[in-house]
Amino acid sequence: MTEPMDRNLALELVRVTEAAALAAARLMGRRDRDAADQAAVDAMRYTLSSMDIDGTVVIGEGEQDETPMLYVGERVGKGTPPAVDVAVDPIDGVTLLANGRPGALSVVAVAERHTLFFTHLAYMDKIAVGPKARGAININAPVQENLRRIADAEGREVDELTVVMLDRPRHERLIKEVKEAGARIKLISEGDVAPGIMAAMEEDTGIDVLMGIGGSPEAVLIACALKCLGGDMQCRLWPRDERERHILAEEGRDLDHVFTVDDLCKGENVFVAVTGITDGELLRGVRYAGGYARTTSLMMRSVSGGVRWMEAKHDLRRLREIAGPRYEGVKHRQTHR
């Protein structure tokens, strides 16, 4: 590092997730995933460009030939210190947003350069918990044993735990094992970043454990949040077919390797910002009224363990004067073609 990370970048990153949320929220329920994703990307890229960082996107929307998404390897910020890795998910739960359903949000995380994990593989098997159960989990152990150890660590009974997982056919066996252990189950249709954060929060969020197979990029974002919250997570790579096994072989990956929070996020100076797009259990979505919009965000910093909640009111007219049509979604762009 050429400069100490003495700024709370989470306070600056929240502008990035707010911008993405404001741009994408106007397309709620219009069933156009691509338009919503692109609106969020455009606003996020624009706002990142104004930050005093020398950033490289490590977790992004695709590879360089898939631009104009925020691609892996893209340089963001003004090019000034500190040098950082950047993980972005302009819309976690884009299908939720496209269908007007709860739980879509925008996420950005930043850590020191060369500290965030990257793989070309799409999926990982995960188990994530909060600070009280830190050190109690073992992804190679039976589900029943993990849940018993988590309950013991938290001073609770197994039947008081709620396990969240994606509602997918691949989880039928996991559902059966959790059911047999006696824990409650919460199935979600998409987006496991918010449940991963909620499982690690000290507040009573109604979620105690995240389990199951989900996206690898989301695993890194969750790890960044857990680094701030003091939670714990273990993951394993989960190839879907021989092609993906070949990808892992080319990367030199060991399928039996268990990844920890520190494997996925080695940084000691980690910053995370999250803004709600549609109403969810973690955050309220964007609300519009009379030329203004309101957003609700969450900011985290690993060094201090600080967690801040922010509600903001945005003057859309002034935002248009500064940033053009980026906060107006499809409506504004169509009227100015």
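Atoms considered below: every heavy atom in the structure, side chains included; atoms not considered: hydrogens, waters and symmetry mates.
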**Item:** Short side-chain to backbone donor-acceptor contact, Thr278 and Gly103, under 3.5 Å
**Value:** yes
**Asked** Is Arg45 close to Val76 at the side-chain level, that is, under 4.5 Å between some pair of heavy atoms?
**Response** no
**Prompt:** Taking the side chain as C-beta and beyond, is there a heavy-atom pair between Arg308 and Leu11 under 4.5 Å?
**Reply:** yes
**Message:** Assess whether a salt bridge exists between Arg287 and Asp279, defined as any Lys/Arg side-chain N lying under 4.0 Å from an Asp/Glu carboxylate O.
**Reply:** yes
**Item:** Arg15 and Glu18 ion-paired at < 4.0 Å
**Value:** no
**Item:** Sidechain-backbone polar pair: Asp85 side chain, Thr115 backbone, donor-acceptor under 3.5 Å
**Value:** yes
**Prompt:** Between Lys176 and Glu180, is there a side-chain N and carboxylate O pair less than 4.0 Å apart?
**Reply:** yes
**Message:** Test your reading of the model: is there a side-chain donor-acceptor pair from Ser106 to the backbone of Pro90, 3.5 Å cut-off?
**Reply:** yes
**Message:** Using a 3.5 Å distance criterion without hydrogens, assess whether the side chain of Lys313 forms a donor-acceptor pair with backbone atoms of Tyr292.
**Reply:** no
**Prompt:** Got a second to check how far Ser297's OG is from Arg284's CZ, nearest 0.5 Å?
**Reply:** 12.0 Å
**Message:** Any side-chain to backbone donor/acceptor pair from Lys126 onto Gly215? Under 3.5 Å, distance only.
**Reply:** yes
**Message:** For the backbone of Ile139 and the side chain of Gln234, can you confirm whether one donor and one acceptor N or O come within less than 3.5 Å of each other?
**Reply:** yes
**Request:** Check the side chains of Arg33 and Thr95 for a donor-acceptor pair under 3.5 angstrom, ignoring hydrogens and angles.
**Result:** yes
**Asked** Between Tyr288 and Arg26, is there a cation-pi geometry (under 6.0 Å to ring centre, at most 45° from the normal)?
**Response** yes
**Item:** N-O pairing of Arg113 and Asp54 below 4.0 Å
**Value:** yes
**Residues that Phe117 engages under ring-ring contact (aromatic ring centres under 6.0 Å, His included), provided they are two or more places apart** = Phe259
**Message:** Checking Glu250 against His246: is there a side-chain donor and acceptor pair closer than 3.5 Å?
**Reply:** yes
**Prompt:** Are side-chain heavy atoms of Met233 and Ile127 found at a separation under 4.5 Å?
**Reply:** no
